[in-house]
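Written out below as structure tokens is the structure these notes cover.
These values consider heavy atoms only, across backbone and side chains, with no hydrogens, waters or symmetry-generated copies. What you see is a predicted model; the values in this text were computed from it and never measured. We name chains A, B, ... by the order of the sequence lines, and we start the count at 1 in each one.
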Protein chains: 2
Amino acid sequence: MDAADIEHRLARLRSAFRERGVKLTHQRLEIFREIASSLEHPTADVVFRAVKARLPTVSLDTVYRTLWLLNDLGLVATLGPRKEGIRFDPNLGRHHHYLCLRCGLVRDFEGSGMAALRLPAAVRGFGSVRVVQVEVRGLCRRCSSAQPKTKKARKA
Amino acid sequence: MDAADIEHRLARLRSAFRERGVKLTHQRLEIFREIASSLEHPTADVVFRAVKARLPTVSLDTVYRTLWLLNDLGLVATLGPRKEGIRFDPNLGRHHHYLCLRCGLVRDFEGSGMAALRLPAAVRGFGSVRVVQVEVRGLCRRCSSAQPKTKKARKA
DNA sequence: TTAGGTGCAAATTCTTTGCACCCTG
DNA sequence: CAGGGTGCAAAGAATTTGCACCTAA
């Protein structure tokens, strides 16, 4: 994630905020900066800790409120199975997800030809289309080897 | 969802259970039957209520345990943004999802040409591939019209 | 018979909310 | 300066767990 890219995202943030008339506070800026520069898909808690390092007084609930606000504004998206907390994803780039059915691991990958997907007309009837992603599910390497008899395979 | 299809799913269930050496209890059977015959993507609570009608003594925690067990066995998958409770999806059929970024609405759609997606080699490195789905995100009709200033757009 | 499964209720964990003060626009 | 935004602490949900009894294999 290079700096110019982040700047670009921040610019989008500013205009989206102005457009919708919401205030651009120090906290919101830092929270967005944090998630926008992340290659991961952090949970609210992870974002909270990271932001707290730079802005010691932020509270977890502000992080939640901001994350949902960004979601409503279409600047980030929520991701996949939750397992342990909702994950937030800085929208943008054309990337896709690989998810482990068992442990919830998430990996991104880029797809070249996949961008050209032709969606059925029915989809337009549901609403607007902002993002099209491919989701691949399976068992990750770790989970493939370990074959628990019955119990706890999740928390891992 | 026709009866033959459900029978087919139940057959898969039995063999998967036998294979892994887990017991096929009355509760598990009913829980699976419930979700397998659903066209929706019910939350644990919805499944619980439906099953309870036929099996008055089941407990919510058994539903959770069973759902996760089925998930680990690869018989169902967890779905999309959680918003209000994890949703479970009876894997099988080639269907895809439309998700509303704001309210979490989920709609299925079938894709013809999409089955032929060519996945990048990198994906195989993550683990096995069991399901490939397309996820389309946008704002559903309802959310497109209502444009809340700042507050609550989610709970809707 | 016997390990795994279930129900119950309590415990956790994640997320949201009410309120008084603060800061952006 | 005004109204949205924030932090704090407490409330609310959703999900999980310990334990003693029950049942499929």
If you restrict it to nitrogen or oxygen atoms, what contacts under 3.5 Å exist between nucleotides 21-25 of chain C and the protein, and what is each distance?
residue: dT24(C); atom: O2; partner: K23(A); partner atom: NZ; Å: 3.3
residue: dG25(C); atom: OP1; partner: L24(A); partner atom: N; Å: 3.1

Show the numbers, then the answer: is there a side-chain contact (heavy atoms from CB on, under 4.5 Å) between L119(B) and V136(A)?
CA-CA 9 Å; L119(B) 298 177; V136(A) 178; 3.8 Å; yes
Test F32(A) against R9(A) for side-chain contact (heavy atoms from CB on, under 4.5 Å), laying out the working first.
CA-CA 9 Å; F32(A) 183 70; R9(A) 291 187 180 186; 4.0 Å; yes
Would you sort out whether D108(A) and H96(A) count as a side-chain hydrogen bond (donor to acceptor under 3.5 Å, both in side chains), showing the intermediate values?
CA-CA 5 Å; D108(A) 285 359; H96(A) 306 281; over 6 Å; no
Report the C-alpha distance between R28(A) and L70(A) in whole Å, list the side-chain angles of each, state the deciding distance to 0.1 Å, and finish with yes or no for side-chain contact (heavy atoms from CB on, under 4.5 Å).
CA-CA 9 Å; R28(A) 288 176 173 176; L70(A) 294 173; over 6 Å; no
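Here dG5(C) is the nucleotide among dT16(C), dG5(D), dG5(C) with the atom lying nearest to any side-chain atom of R28(B). For I86(B), the listed nucleotide lying nearest its side chain is dT15(D); candidates were dT6(D), dT6(C), dT15(D).
Summarising the geometry, the separation between CD1 on I31(B) and P on dT6(C) is reported as 7 Å, rounded to the nearest angstrom. Between the P atom of dG4(D) and the CG atom of L73(A) lies a distance of 16 Å, rounded to the nearest Å. Rounding to whole angstrom units, OH of residue Y64(A) and P of dT13(C) are separated by 13 Å. Distance R18(B) CZ to dA24(D) P: 16 Å, rounded to the nearest Å. F48(B) has its CZ atom 15 Å from the P atom of dT16(D), to the nearest Å. Rounded to a whole Å, the CG atom of L67(B) is 16 Å from the C1' atom of dT6(C). Regarding W68(B), its CH2 atom lies at a distance of 18 Å from the P atom of dG5(C), rounded to whole Å. Here the C1' atom of nucleotide dG5(C) and the CG atom of D72(B) are 16 Å apart, to the nearest Å.
Residues from residues 54-61 of chain A that place a heavy atom under 4.0 Å from any atom of DNA chain C, listed by number: L60(A), D61(A).
For a distance-only test at 3.5 Å, the side chain of R65(B) fails to qualify as a donor-acceptor partner of the base of dG4(C).
In terms of position on DNA chain D, the residue among A44(B) and V63(A) whose nearest nucleotide sits closer to the 5' end is V63(A).
When each of L73(A), I86(A), V63(A) is checked for a side chain to side chain contact (heavy atoms under 4.5 Å, CB included) with W68(A), only I86(A) meets the rule.
The structure places CG of D89(B) at 9.0 Å from OG1 of T78(B), a figure rounded to the nearest 0.5 Å. With rounding to the nearest 0.5 angstrom, the SG atom of C140(A) is 6.5 Å from the OH atom of Y98(A).
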Show me, pair by pair, the donor-acceptor contacts under 3.5 angstrom made by side chains of residues 46-56 of chain B, not counting sequence neighbours?
residue: R49(B); atom: NH2; partner: D45(B); partner atom: OD2; Å: 2.5
residue: R54(B); atom: NH1; partner: E30(B); partner atom: OE1; Å: 2.5
residue: R54(B); atom: NH2; partner: E34(B); partner atom: OE1; Å: 2.7

